[in-house]
Asks: 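First the structure, then my questions, so here it is.
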Amino acid sequence: MTVRNAEIAEIFDHMAALLEIQGANPFRIRAYRNAARTVDDLPRSLEAMISEGEDLSKLPDIGKDLAGKIAEIVDTGRLEALEEMEKQVPAGLVDLTRLPGLGAKRVRALHDELGISGLDELRRAAKAGHIRELSGFGAKTEQRILEALSRRAQEERRFLLSDVEDIADRYVDHLKAVSGVREVVAAGSYRRRKETVGDLDILVTCKKGSPVMERFVEYDEVDTVLSQGTTRSTVVLHSGLQVDLRVVAQVSYGAALYYFTGSKAHNVAVRTIAVKKKLKINEYGVFKGKRRVAGKTEREIFRAVGLPYIEPELRENRGEIEAARKRRLPRLVSSSDIRGDLHCHTEATDGRNSLEEMASAAKALGYEYLAITDHSKRVAVTHGMDEARLRKQLEAIDRLNSRLRGLRLLKAMEVDILENGKLDLADGVLKDLDLTVCAIHIGLGIGRDKQTERIIRAMDNPHFTILAHPTGRLINQRAASDIDMERVMEAAVERGCYLELNAQPERLDLDDVHCRMAKDMGLKVAISSDAHSADGLGCLRFGVDQGRRGWLEAEDVLNARSWPKLRRLLARS
DNA sequence: GCCGTTTTCGGCCCGACTGTTTTCAGTCG
């Protein structure tokens, strides 16, 4: 039996929710939540760590007790403490706390006073007008509960970063045009460039009397105004995205930007450092007693607590604070480091543009090289190429290269990895390529061991260069296929192969956590657009964002090198 | 339940908005 880290994290989160409803010590509840997060962020499976005899209590936020509980879950697939808890607290109450406006205390009251233990009972009680009769509840609360229950039909979801970017750009422009407004910036997980965004936080500084709050709630994409105050308001857009606006004075701009960029876990950790220095950090500044000692810029905030500036993408409390203290923060890769793109398609298979058009788009981006990687025959729906068609394309690339100045097209292929681990094209033609991008498109769910073996067997082929979109996940659509990433990465290092960070906004595969793991293992990563059109080359920057979240530096990125240097790395001895 | 330049006990981040309240609890981020 295999237990995934995500399942363990879920159990701890569930424990936290049950404890909260029981009215347990809030710090104990937080301990479970923190542990869930640690477990969720781990690149390696806890099951493997246990079988290798590692001491889990050395992990942050995991102590002796929770290490024991993890071992129990891995061992038995169950957690006795959870089962005990479930006997005392009806499971349906946890669902109730997920409704906006209902927390543990109110859910407890609903249960104790009205005997409500699930969503259906809640709906009935609200419709019958029983909820308004409880002390601490009123008619408005009852109404909000009914609204929340009807909204719940349209399932809560997180939005792709690229989709939120369009929405954020428009909203920011709208607010910038309001009189008296000085700064407008989107903060939160959007600024940290998380692959998905739950809600958008916008920060504004403005002169006194600016009508920015009114303009914010009147914006034509607004569907519902959830709250409106003088410094903070919340709306839901027609798209379903929730947007918060915070207004602060210019003198607090840096403090507020820092505060609202988060992450929460990062902020809490830095605040704890501040407390030890007898300082207080809030969204208005850093305070020594009543005196503000920092606040205008983020750099001031960091300086006040004795830390160097930490990039937003790193602010997840995943070791960046310790690295900052030791002055060992990575110098993160940026889009300007990228010298070329190693994965794109043309009209020969499922792309939209010709070789020439792709080449000229790459040149416009300032690239030195562009690898043409059309599909191989196995992926028939894309009109995948056989050996003969590939030969013709290689000749066309030769002809075009002889005319091109400042850009080199690389001869390449997105070769399918067959179910037996063989590559989809004959070695005779693969040997004439500059590189291959090898991928699984068929048989994504064959199981962990088989899938891992399949990939490693493919890497045994000396013409295998880069493993494309390694897990095959599609965000919000298809789960990552189950592979032993650690073994795959080890195999790649041993054989001189590489892994791709596919920059398609719905792929972002490798993800940030796996990028960090690759870096720690000394494995270089190709950040590639997988563009299917000339315009599509531009999405490579979303891959750079995720690489930055995974602590990647230019040194760790294959295509942050000139062609002569890259060519040496691609050659397998 | 975790953690330690306050180290095995006693802390554990901080403020805004809402609704139900006569001064604040609950929720949220």
Side-chain angles (χ1 to χ4, degrees), chain A residues 12 15-16 19-21 23-39 56-70 81 96-110 131-145 148 187-190 192 197-203 213 217 225-235 242-248 252 255-256 258-287 301 305-306 317 325:
Chain A
F12 285 170
M15 277 292 284
L19 285 165
E20 200 168 22
I21 293 167
N25 177 351
F27 299 107
R28 188 172 164 222
I29 296 163
R30 188 194 293 172
Y32 275 96
R33 295 232 158 89
N34 288 342
R37 195 175 166 283
T38 295
V39 167
L56 300 184
S57 70
K58 291 218 167 66
L59 292 170
D61 299 321
I62 308 286
K64 212 174 147 189
D65 180 89
L66 290 179
K69 288 194 165 73
I70 292 171
L96 300 192
T97 62
R98 298 214 179 93
L99 293 174
L102 283 189
K105 296 250 170 79
R106 282 185 170 156
V107 166
R108 180 75 189 271
L110 289 167
I131 288 174
R132 67 178 72 189
E133 292 160 7
L134 292 184
S135 95
F137 292 77
K140 278 203 170 172
T141 304
E142 193 173 80
Q143 188 54 36
R144 293 206 130 195
I145 286 172
S189 56
Y190 173 78
R192 300 200 311 279
V197 173
D199 54 25
L200 180 62
D201 294 290
I202 300 179
L203 175 68
M213 212 43 110
V217 298
V225 179
L226 290 183
S227 71
Q228 186 178 356
T230 51
T231 67
R232 181 181 142 187
S233 295
T234 302
V235 299
Q242 183 172 315
V243 186
D244 288 356
L245 181 69
R246 328 270 181 152
V247 179
V248 297
S252 295
Y258 177 67
Y259 186 94
F260 295 123
T261 295
S263 68
K264 191 174 171 180
H266 167 94
N267 284 354
V268 167
V270 170
R271 258 165 227 248
T272 307
I273 294 175
V275 168
K276 285 181 185 145
K277 293 178 186 285
K278 309 264 186 244
L279 297 169
K280 185 179 80 168
I281 304 182
N282 59 27
E283 57 262 60
Y284 304 111
V286 180
F287 296 87
I301 310 294
V305 294
N317 197 25
R325 277 181 154 161

Asks: Once you apply a heavy-atom cut-off of 4.0 Å, does P60(A) come out as touching a base, just sugar-phosphate, or nothing?
Replies: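 Sugar-phosphate, no base atom in range.
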
Asks: Students often get this wrong, so: under 4.0 angstrom with heavy atoms, is T230(A) touching a base, only sugar-phosphate, or nothing?
Replies: sugar-phosphate

Asks: Is there a side-chain contact between L66(A) and D61(A) (heavy atoms, below 4.5 Å)?
Replies: no

Asks: If you compare every side-chain N and O of T234(A) against the phosphate oxygens of dC17(B) (OP1, OP2), does one of them come in below 4.0 Å?
Replies: no

Asks: Report all interatomic pairs (protein N or O, nucleotide N or O of nucleotides 5-10 of chain B) with separations under 3.5 Å.
Replies:
none

Asks: Taking for each residue the nucleotide of DNA chain B bearing the nearest heavy atom, is the 5' side occupied by L279(A) or by F137(A)?
Replies: L279(A)

Asks: State whether the side chain of E142(A) and the backbone N or O of I131(A) hold a donor-acceptor pair below 3.5 Å, judged by distance alone.
Replies: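 Looks like yes, one N/O pair under 3.5 Å.
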
Asks: Using a cut-off of under 3.5 Å, enumerate the N/O to N/O pairs linking the protein to nucleotides 25-29 of chain B.
Replies:
{"residue": "dT27(B)", "atom": "OP1", "partner": "G103(A)", "partner atom": "N", "Å": "2.6"}
{"residue": "dT27(B)", "atom": "OP1", "partner": "G103(A)", "partner atom": "O", "Å": "3.1"}
{"residue": "dT27(B)", "atom": "OP1", "partner": "R106(A)", "partner atom": "N", "Å": "3.0"}
{"residue": "dT27(B)", "atom": "OP2", "partner": "K105(A)", "partner atom": "N", "Å": "3.3"}
{"residue": "dT27(B)", "atom": "O5'", "partner": "G103(A)", "partner atom": "N", "Å": "3.4"}
{"residue": "dC28(B)", "atom": "OP1", "partner": "G101(A)", "partner atom": "N", "Å": "2.7"}
{"residue": "dG29(B)", "atom": "O3'", "partner": "R246(A)", "partner atom": "NH2", "Å": "3.4"}
{"residue": "dG29(B)", "atom": "N2", "partner": "Y259(A)", "partner atom": "OH", "Å": "2.9"}

Asks: Applying the salt bridge (Lys or Arg N to Asp or Glu O under 4.0 Å) test to E20(A), which of R106(A), R30(A), R33(A) qualifies?
Replies: R33(A)

Asks: Is any side-chain heavy atom of I301(A) closer than 4.5 Å to a side-chain heavy atom of Y259(A)?
Replies: no

Asks: Across all strands, who's sitting opposite dT8(B) as a Watson-Crick or G-U wobble pair, both distances under 3.5 Å?
Replies: none

Asks: Could you work out the separation of dT21(B) and dT27(B) based on their C1' atoms and round it to a whole Å?
Replies: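 Their C1' atoms lie roughly 16 Å apart.
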
Asks: Rounding to an integer number of Å, can you tell me how far F260(A) CZ sits from dG15(B) P?
Replies: 11 Å

Asks: What's K69(A) touching, base or sugar-phosphate or nothing? Going by heavy atoms closer than 4.0 Å.
Replies: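 The answer is sugar-phosphate, as K69(A) gets under 4.0 Å only of primed atoms, P, OP1 or OP2.
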
Asks: dA16(B) P sits how many Å from Q228(A) CD, rounded?
Replies: 17 Å

Asks: Checking the side chain of T38(A) only, and the main-chain atoms of P60(A) only, is there a donor and an acceptor separated by less than 3.5 Å?
Replies: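 Indeed, once roles are kept as given, a pair shorter than 3.5 Å links the two residues.
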
Asks: E283(A) and R232(A): salt bridge (charged side-chain N to carboxylate O under 4.0 Å, His left out), yes or no, with the steps?
Replies: CA-CA 12 Å; E283(A) 57 262 60; R232(A) 181 181 142 187; over 6 Å; no

Asks: Measure the distance from CD1 on I301(A) to C1' on dC13(B) and round it to the nearest whole Å.
Replies: 15 Å

Asks: Could you tell me the separation between the CG atom of N317(A) and the C1' atom of dC3(B), rounded to a whole number of Å?
Replies: 13 Å

Asks: Mind checking whether R192(A) and T261(A) have side chains closer than 4.5 Å, heavy atoms only?
Replies: yes

Asks: Tell me: CZ of R28(A) to C1' of dC2(B), nearest whole Å?
Replies: 12 Å

Asks: Determine the interatomic distance between C1' on dT8(B) and the same-named atom on dA16(B); round to the nearest Å.
Replies: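 Each nucleotide's C1' atom is 38 Å from the other's.
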
Asks: Using a cut-off of less than 4.0 Å, is there contact between a side-chain N or O of N267(A) and OP1 or OP2 of dC13(B)?
Replies: no

Asks: Grab the two heavy atoms, one from A255(A) and one from N282(A), that are nearest each other, plus how far apart they are.
Replies: CB-O, 3.8 Å

Asks: Taking the side chain from S57(A) and the backbone from K64(A), do they hold a donor-acceptor pair closer than 3.5 Å?
Replies: no

Asks: Quickly work out the I273(A) CD1 to dC3(B) P distance and round it to whole Å.
Replies: 15 Å

Asks: Using atom C1' in both nucleotides, what's the gap between dG10(B) and dG15(B) to the nearest angstrom?
Replies: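 Each nucleotide's C1' atom is 25 Å from the other's.
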
Asks: Please determine whether side-chain contact (heavy atoms from CB on, under 4.5 Å) holds for the pair V247(A) and M213(A), giving the CA-CA distance in whole Å, both sets of side-chain angles, and the decisive distance to 0.1 Å.
Replies: CA-CA 8 Å; V247(A) 179; M213(A) 212 43 110; 3.7 Å; yes

Asks: Say you pick atom C1' in dT5(B) and the same atom in dG1(B); how far apart are they, in whole Å?
Replies: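 Per the computed distance, 23 Å lies between those C1' atoms.
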
Asks: Rounded to whole angstroms, how far apart are CE on M213(A) and C1' on dC17(B)?
Replies: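 After rounding, the gap between these two atoms is 11 Å.
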
Asks: Taking atom P in both dC28(B) and dT20(B), compute the distance separating them and give it to the nearest angstrom.
Replies: 15 Å

Asks: Within the pair R132(A) and dG19(B), is there a side-chain N or O less than 4.0 Å away from OP1 or OP2?
Replies: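 For dG19(B), OP1/OP2 do not have a side-chain N/O of R132(A) under 4.0 Å.
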
Asks: What's the gap between dC17(B) and dC12(B) when it is taken at their P atoms, as a whole Å value?
Replies: 26 Å

Asks: Within the structure provided, determine whether Y190(A) and D201(A) are in side-chain contact (heavy-atom separation under 4.5 Å).
Replies: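 Heavy-atom side-chain distance check fails, nothing below 4.5 Å.
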
Asks: When rounded to the nearest Å, what value does the distance between C1' atoms of dT6(B) and dG11(B) take?
Replies: 9 Å

Asks: Can you tell which of dC13(B), dG1(B), dC17(B) lies closest to the side chain of S227(A)?
Replies: dC17(B)

Asks: Go through it in stages, so that I can follow the logic: the residues are F12(A) and N34(A), the test is side-chain contact (heavy atoms from CB on, under 4.5 Å), and I'd like the CA-CA distance, side-chain angles, deciding distance and then a yes or no.
Replies: CA-CA 9 Å; F12(A) 285 170; N34(A) 288 342; over 6 Å; no

Asks: Starting the side chain at C-beta, find the nucleotide from dG19(B), dC17(B), dG1(B) nearest to R144(A).
Replies: dG19(B)

Asks: Name the nucleic acid region contacted by I62(A), choosing base, sugar-phosphate or nothing; use a 4.0 angstrom heavy-atom cut-off, strictly under.
Replies: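 Result for I62(A) = sugar-phosphate.
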
Asks: For I281(A) and K140(A), find the nucleotide of DNA chain B closest to each by heavy atoms; which residue's nucleotide sits nearer the 5' end?
Replies: I281(A)

Asks: What interatomic distance, in whole Å, is found between C1' of dC14(B) and the corresponding atom of dG4(B)?
Replies: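 That atom pair is separated by 23 Å.
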
Asks: Can you check the N282(A) CG to dC13(B) C1' distance for me, whole Å?
Replies: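 Interatomic distance, CG of N282(A) to C1' of dC13(B): 10 Å.
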
Asks: May I ask you to say what A187(A) touches in the nucleic acid, namely base, sugar-phosphate or nothing, with a heavy-atom cut-off under 4.0 Å?
Replies: nothing

